[in-house]
Amino acid sequence: MLEIKSLCIKQSKQALIGGLNAQIAQGEVLTLMGASGSGKSTVLHWMIGALDPIFSATGELILNGKRVDQIPTEQRRIGILFQDDLLFAHLSVGQNLAFALPNEVKGQSLRRQVIEAQLAQIGLIGFYDRDPATLSGGQRARVSVLRTLLAQPQALLLDEPFGKLDAVLREQFRAFVFERVTALAIPTLLVTHDIADIPPQGRVLQIEDFQHA
Amino acid sequence: MRIGLPLIVARGASKGSTLLAIGLICIVFLPVIPGLVRMGFDFFQISHWFAIWQDTQTIPALMATLSSTLISGVLALALSLSIAIEKYPSNAWHSIVKRLPSLLAMPHAAFAIGFAFLFAPAGWLARAIAPLMAWDSPPDWLTVQDPYGMSLGIALAIKESFFLLWVMMNLLGERHIAQQITVARSLGYQRQQIWRSIILPQILPRMMWPFAAVLAYSLSVVDMALILGPTTPPTFAVLVWQWLSDPDPQRQAQGGVAALILLLVLLTLGGVLRGVAWVYQRATVDLDGLRQPNRFSMLSWLYQFGVLISFSLMILLFVWSLAQSWFFPALWPDELSIKAWLNADFTPFKTSLWLGLATSLIALVMVLIWLEWGPQRNNAWLYAPLVLPVIPLSAAQYFALLVLHLDGTVMGLIWSHLLWVVPYVLLSLVGAYRQFDPRLMLTAQALGYPRWQACLYMKWPLLMRPILGAFALGFAVSIAQYVPTLFAGAGRFSTVTTEAIALSSGGNRRTMAIQAVLLMLLPMLAFALAAIASHWQAKHRRGLR
């Protein structure tokens, strides 16, 4: 379970967000809605541990009973997906995924096997050695999701991950992401300004409700 | 819909204005070629090679040059990389980057003089430890002017690390890099490993040319070498410069050949660099998923130490310029006074001022015309003077000036500076210029303005901040020129740079410090004025900030 306890974010004494509380159960996708520039991405940056130094924040982030907002990003075990796929341009598709794969999977050939199996599952058979730049937008988006999930995060943050895709692709990709998240049963926070992004029967928080506290 | 740049070029660029743009740039570049060709002919005459080989100074001079160049290049890269790895991204990074402009604006010659004030046997450092060691006269140190060019190399490394860090700052400013770091951290990796496996492979290839510029500069630097480099024999660049300035035509030809040798050394170093880069890029990335901890980094401390040295020597220059009498081992002058300033010679200052203003203004006009009407592609050759050694280019310029009887004239002097000022102005302006929204230009032209009017009333005023910045940079580059000023000016013009270096061989530290302070202040004033002017323009226009 992922829990935000009384989060307040200030920008030079001016309160941006006040009294934000939220609980996200295993396998649940909670949506945080708000117009662009409303500060919803700032909440996300706080959760991942990359808050811009011009802001200051108080509050607690608790993941599976452990407080994580004071520890560095790399120890939080929270995955993040941005609007851009952010594949590393100097690595092949497979190497991008190998970067995420935990060290517990040992041996070069086994690591490659695991990644190739995963690629096959998302319909990208034989893409291990491909240059990410030669992939279509939809393919890159899927590789990016796979990279995030391969690291076995215990929670997931989605920062408008569907924003840059066209309508048809968007529909497919949304279904793809939600299906994977449900399968992994981890708490997920989705940040968006688009009502269509909200998963079926999903809970929704409006960022505006926390801005006049 | 975004309208592409080519459409607008097709609309507005007439053949005549394109020819004007190319013609202006050719005035700067083309006359250099005959001199280079002539040196090329001398290059194949075995007698010159024999004379160079016979000179006992050649080999030790080459050694000193190689060691100072390698120390400078490798150490500058190591210092700047280690501080970036250690601090980017963080709050501390912002304060480190904030200090860069004043460190970059410091001219090399003034830096060298300050460095000597700090580290020479009678320098401030020796004075600071003198009570501990019970010295009453300066120690027998070889801290500057050592025969291997090590102090020269270290001073260059500190100065160039700021330049490389500035290049890195621009590359790191791209948004996707910061996000990639966040992604990699969320995957469980720590700072140093992220840099090794994700950031360096992306930014190092793009730092090749700036690094080549550092090597070229270190290889052919004369002003700093005269102060910090070995004396008998000097560094190879200084030796070549002495030969070229010799009245004997035989010696001059020998100097021309040696200048080309300098170029060959640079090309060799460039080849080695390419080889290293090739191996680096093919080195297999070992992605075993092992998350490694950070290690302690000593070099990033050394970078901070370099910053400390740089600011200390700036202050030291000021203090020396005000020192009435300051004998070893006193830490502070007996008396401070502005008397020396009242009697100071301001002629070099005035010369530098008009020369810098004229050169950067002409360069700015040329560059603006080039950017607007010149060819949009294949412009890389314009940056050649920045990655080539100064000496052969300057000697070739001098040859052209002699033929045209323009040596020692104001026109010749300004022209000689343009070869370095134009590329720097172009480099600093090209990014902002190419990013300018072409739809704005289209709007102005649709309203009935011809292209040059649209530039004059809309585009250039909108680009005033980068234009003023480029102008200030051009001014700073002109101020710092040493070898071209001496060659093209035929010794008739004395600028703050040439004067400060000339005084360094004499005994009066106070007058030298005054010229060095003036040298240091000129570019800082230019950058400050540019900043104030663009701030003033943007006072009531938020969109310009």
Side-chain angles (χ1 to χ4, degrees), chain A residues 41 44-45 47-54 56 68 71-92 94-108 110-112 114-115 128 144-145 147-157 159, chain B residues 85-98 171-208 277-294:
Chain A
S41 289
L44 218 86
H45 289 153
M47 293 176 76
I48 195 77
L51 192 68
D52 190 312
I54 61 168
S56 63
V68 292
I71 60 175
T73 306
E74 55 266 32
Q75 288 167 23
R76 294 191 185 191
R77 308 219 53 189
I78 299 177
I80 188 163
L81 262 185
F82 288 105
Q83 196 172 62
D84 299 295
D85 54 69
L86 296 168
L87 296 180
F88 306 133
H90 64 296
L91 301 178
S92 72
Q95 286 174 323
N96 263 284
L97 297 172
F99 188 75
L101 199 63
N103 180 248
E104 281 81 72
V105 186
K106 290 212 191 282
Q108 279 205 353
L110 179 63
R111 288 177 75 83
R112 190 177 171 123
V114 168
I115 290 162
Y128 190 99
S144 175
V145 174
R147 185 177 67 181
T148 305
L149 298 183
L150 270 181
Q152 300 171 356
Q154 295 180 358
L156 185 63
L157 308 177
D159 189 2
Chain B
I85 293 175
E86 202 62 19
K87 300 293 183 196
Y88 181 86
S90 70
N91 288 353
W93 174 256
H94 290 281
S95 52
I96 287 166
V97 164
K98 232 187 292 173
L171 293 175
L172 291 172
E174 293 168 12
R175 198 168 129 256
H176 71 105
I177 298 264
Q179 288 193 338
Q180 283 188 349
I181 291 178
T182 302
V183 166
R185 291 186 72 188
S186 75
L187 297 174
Y189 290 91
Q190 294 198 14
R191 183 183 289 282
Q192 288 174 1
Q193 197 180 5
I194 294 172
W195 268 84
R196 274 199 308 275
S197 46
I198 302 298
I199 310 301
L200 287 185
Q202 296 188 68
I203 68 165
L204 277 186
R206 296 168 66 189
M207 287 185 60
M208 284 285 271
W278 191 85
V279 171
Y280 176 80
Q281 276 174 347
R282 264 150 204 76
T284 41
V285 214
D286 193 17
L287 298 170
D288 56 6
L290 195 64
R291 273 65 166 170
Q292 288 153 0
N294 284 338

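It should be emphasised that the depicted structure is a prediction, and the values quoted were computed from it without experimental measurement. Letters A, B, ... mirror the listed sequences (proteins, then strands); counts begin at 1.
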With 3.5 angstrom as the limit, list the donor-acceptor pairs from chain B to chain A, or say none if there aren't any.
| from | atom 1 | to | atom 2 | distance (Å) |
| --- | --- | --- | --- | --- |
| B:Gln180 | NE2 | A:Leu87 | O | 3.4 |
| B:Arg185 | O | A:Glu74 | N | 3.4 |
| B:Arg185 | NE | A:Glu74 | OE1 | 2.7 |
| B:Arg185 | NH2 | A:Glu74 | OE1 | 3.0 |
| B:Tyr189 | OH | A:Phe99 | O | 2.4 |
| B:Ser197 | O | A:His90 | NE2 | 2.7 |
| B:Leu287 | O | A:Arg111 | NE | 3.1 |
| B:Leu287 | O | A:Arg111 | NH2 | 3.3 |
| B:Asp288 | O | A:Asn103 | ND2 | 2.8 |
| B:Asp288 | O | A:Arg111 | NH1 | 2.7 |
| B:Asp288 | O | A:Arg111 | NH2 | 3.3 |
| B:Gly289 | O | A:Asn103 | N | 3.3 |
| B:Arg291 | NH1 | A:Leu101 | O | 3.0 |
| B:Arg291 | NH2 | A:Ala100 | O | 2.8 |

Under 4.5 Å from any heavy atom of chain B, what part of [X] do you find: side chain, backbone, both or neither?
X: A:Ile48; answer: side chain
X: A:Ala100; answer: both
X: A:Phe99; answer: both
X: A:Pro153; answer: neither

**Message:** Looking only at heavy atoms and a cut-off of under 4.5 Å, which of A:Leu150, A:Val105, A:Leu81, A:Leu101 has the most pairs with chain B?
**Reply:**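 Heavy-atom pair counts peak at A:Leu101.
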**Request:** For side-chain contact (heavy atoms from CB on, under 4.5 Å), just list the numbers for A:Leu91 and B:Ile198, CA-CA rounded to whole Å, side-chain angles, deciding distance to a tenth of an Å, and then say yes or no.
**Result:** CA-CA 9 Å; A:Leu91 301 178; B:Ile198 302 298; 4.2 Å; yes
**Request:** Check whether B:Ala184 gets within reach of chain A through its side chain, its backbone, both or neither, counting any heavy atom under 4.5 Å.
**Result:**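 For B:Ala184, heavy atoms of backbone and side chain both lie under 4.5 Å from chain A.
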